[in-house]
4 protein chains.
Amino acid sequence: MDFNNNQPIYLQIVDFICEKILLSVWKQEEKIPSVRELAVQLSVNPNTVARSYDFLRSQEIITDKRGIGYFISSNSMQQAKQYRKNLFIEQELPLLFRTLNMLDITPDELDKLLIKYKRKLQHEK
Amino acid sequence: MDFNNNQPIYLQIVDFICEKILLSVWKQEEKIPSVRELAVQLSVNPNTVARSYDFLRSQEIITDKRGIGYFISSNSMQQAKQYRKNLFIEQELPLLFRTLNMLDITPDELDKLLIKYKRKLQHEK
Amino acid sequence: MDFNNNQPIYLQIVDFICEKILLSVWKQEEKIPSVRELAVQLSVNPNTVARSYDFLRSQEIITDKRGIGYFISSNSMQQAKQYRKNLFIEQELPLLFRTLNMLDITPDELDKLLIKYKRKLQHEK
Amino acid sequence: MDFNNNQPIYLQIVDFICEKILLSVWKQEEKIPSVRELAVQLSVNPNTVARSYDFLRSQEIITDKRGIGYFISSNSMQQAKQYRKNLFIEQELPLLFRTLNMLDITPDELDKLLIKYKRKLQHEK
DNA sequence: GTGGTCTAGACCACC
DNA sequence: GTGGTCTAGACCACA
């Protein structure tokens with residue numbers, strides 16, 4: 001994992017974990033790496049991971065058990081999707097809108113392109 | 001301008017110039033900065049800019065006049081749009097598709113979100 | 001201000017600020033001391049104050065304007081009261097309950113004591 | 001046991017002992033730790049404990065038998081309750097009153113909160 | 001071991 | 001100046 005400069009590292013880690021949850025790589029009630037462990041894996045300061053975990057807990061995506069570790073919360077899927085969707089709407093949607101406008105791609109054409117891509121993926125399977 | 005790590009810098013510069021054209025910041029037949037000039041502006045090696053210009057010429061987006069400099073070609077708009085659109089389909093569309101799937105956003109919902117964002121922009125004007 | 005050891009300093013600062021708001025010492029839309037300023041006043045590390053402010057912002061009690069400072073938010077009164085009330089119920093109520101039980105003070109007697117104290121206060125005015 | 005700064009330590013020890021009596025941890029006529037013993041337990045100066053014991057004797061909560069030690073007096077329960085109740089009224093009640101006022105909690109609401117908490121406790125048993 | 005907190009000091013972007 | 005982030009290293013309570 002390498003970090004870009006546009007967004008704080010701790011939020012990039014939050015995203016990284018949200019994806020793990022949304023793609024069911026990390027499942028409900030499962031223990032996740034300890035603060036120190038993940039910090040070593042990602043080559044960042046433990047405080048930075050702690051900040052990510054603190055943020056995820058405030059969003060009720062993970063829960064902590066003192067002296068034991070952090071766990072994916074039972075309603076993580078819903079919470080993570082909610083958080084990530086807001087991010088999409090606030091950050092990615094404007095960029096997409098700008099690109100579509102610049103390239104004169106109508107919503108209708110975008111739909112067709114998405115369907116085409118989906119078929120292509122299925123064809124490759 | 002800061003460069004991501006995902007793509008060669010010379011292609012990122014190509015993109016940068018395509019946007020200038022598509023957003024009509026640089027207009028048809030207009031002279032564009034010299035290789036050395038732009039290299040200084042972007043803090044990159046002149047060779048890198050030269051490679052970008054070479055690529056843009058091969059796409060018929062710019063033309064060169066020996067001893068004078070590079071110019072936006074007469075059909076730049078169309079060519080740039082074509083090039084950029086291919087890029088969108090090959091690179092951005094798959095990422096968008098993945099995100100939409102992950103967040104359970106249907107094409108229909110995406111349309112609505114785009115319309116909502118458009119209205120918000122107009123409202124802010 | 002001196003800190004006890006039972007509770008994190010950053011939460012004691014949060015409490016300190018909530019009181020300022022609830023008692024209308026700091027009013028809506030008003031600028032509050034900068035992170036560094038308050039840190040000096042309270043003789044704590046700026047990071048600790050930053051953590052308090054970050055927490056208060058997450059509770060929508062204060063808002064930040066980048067490069068300018070923090071401000072009491074418009075609905076601070078309501079938010080601060082809500083936060084402080086939860087704290088009362090979770091932390092102070094159990095202690096009160098324990099004391100009342102230990103001293104055989106019935107809710108009825110507590111009411112009378114409170115009324116008596118109120119009258120005493122009014123008498124002193 | 002760790003001491004707050006608000007009150008003399010010897011009075012905090014008095015409180016500590018009153019609680020032992022009120023919660024029937026130390027029972028009537030029972031011998032209590034010697035001055036030196038308790039001083040070691042609480043990591044305070046023996047003089048401080050001596051002062052506490054002296055105060056408790058003046059309140060007729062404990063009695064001393066020369067050369068033997070201190071004992072919980074026969075009417076300790078009543079005396080301790082009386083002493084502690086005065087303390088509650090003089091020190092804790094004003095703070096409670098202030099908090100209730102600040103948070104707009106009526107005596108009626110306080111009653112309800114206490115009942116609710118009592119039920120919660122019983123539920124947990 | 002775990003997480004939670006705090007300090008110290010650094011650099012950045014914004015105004 | 002302001003807040004925001006990150007690192008480094010320390011100590012604590014809990015289990």
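Protein chains get the first letters and strands the later ones, always in sequence-line order, with residue 1 at the start of each.
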**Study point:** Pair pattern of DNA chain F in dot-bracket, where unpaired bases get dots and | marks partners in another strand, Watson-Crick or G-U under 3.5 angstrom
**Key:** ||||||||||||||.

**Study point:** Neighbours of DNA chain E within residues 48-65 of chain C, by heavy-atom distance under 4.0 Å
**Key:** C:T48, C:R51

Exercise for review: May I have all residue pairs that pass salt bridge (charged side-chain N to carboxylate O under 4.0 Å, His left out) and include part of residues 5-27 of chain C, sequence neighbours excluded?
Suggested key: C:D15-C:R84, C:E19-D:R98

Check your understanding: Considering only heavy atoms from C-beta outward, does the side chain of A:D54 approach that of A:Y10 to under 4.5 Å?
Key -> no

Revision key, fill the gap. Contact string for nucleotides 8-15 of chain E, one letter per nucleotide 5' to 3', B = base within protein heavy-atom range under 4.0 Å, S = sugar-phosphate only, - = neither, reads BB----BS

Review point. Given that C:S34 and A:P8 both sit by DNA chain F, which one's nearest nucleotide is further toward the 5' end?
Key: C:S34

Exercise for review: Using the test ring pair (Phe, Tyr, Trp, His ring centres under 6.0 Å), find all partners of B:F97 that sit at least two apart in sequence or belong to another chain.
Suggested key: A:Y117

Point to revise | Pair listing, side-chain hydrogen bond (donor to acceptor under 3.5 Å, both in side chains) test, anchored in residues 58-68 of chain C, at least two apart | key: C:R57-C:D64

Review point. Which residues pass the side-chain hydrogen bond (donor to acceptor under 3.5 Å, both in side chains) test with B:N101, sequence neighbours left out?
Key: none

Point to revise | Residues which pass ring pair (Phe, Tyr, Trp, His ring centres under 6.0 Å) with D:Y83, listed by chain and number, not counting sequence neighbours | key: D:F55

Review point. Can you name the side-chain hydrogen bond (donor to acceptor under 3.5 Å, both in side chains) partners of A:Q78, sequence neighbours left out?
Key: none

Point to revise | With sequence neighbours excluded, residues passing side-chain hydrogen bond (donor to acceptor under 3.5 Å, both in side chains) with D:D104 | key: C:K81

Practice item. Report the distance from atom CD1 of C:I9 to atom C1' of E:dT7, rounded to the nearest whole Å. Key: 10 Å

Exercise for review: Would you tell me if any nitrogen or oxygen in the side chain of C:Y70 comes within less than 4.0 Å of OP1 or OP2 on F:dG4?
Suggested key: yes

Point to revise | C:Y10 OH - E:dC6 P separation (whole Å) | key: 8 Å

Check your understanding: Partners of A:N45 by side-chain contact (heavy atoms from CB on, under 4.5 Å), sequence neighbours excluded?
Key -> A:N47, A:T48

Check your understanding: C:L42 has an atom CG; how far is it from atom P of E:dT7, in whole Å?
Key -> 11 Å

Review point. What residues form a ring pair (Phe, Tyr, Trp, His ring centres under 6.0 Å) with C:F71, not counting sequence neighbours?
Key: none

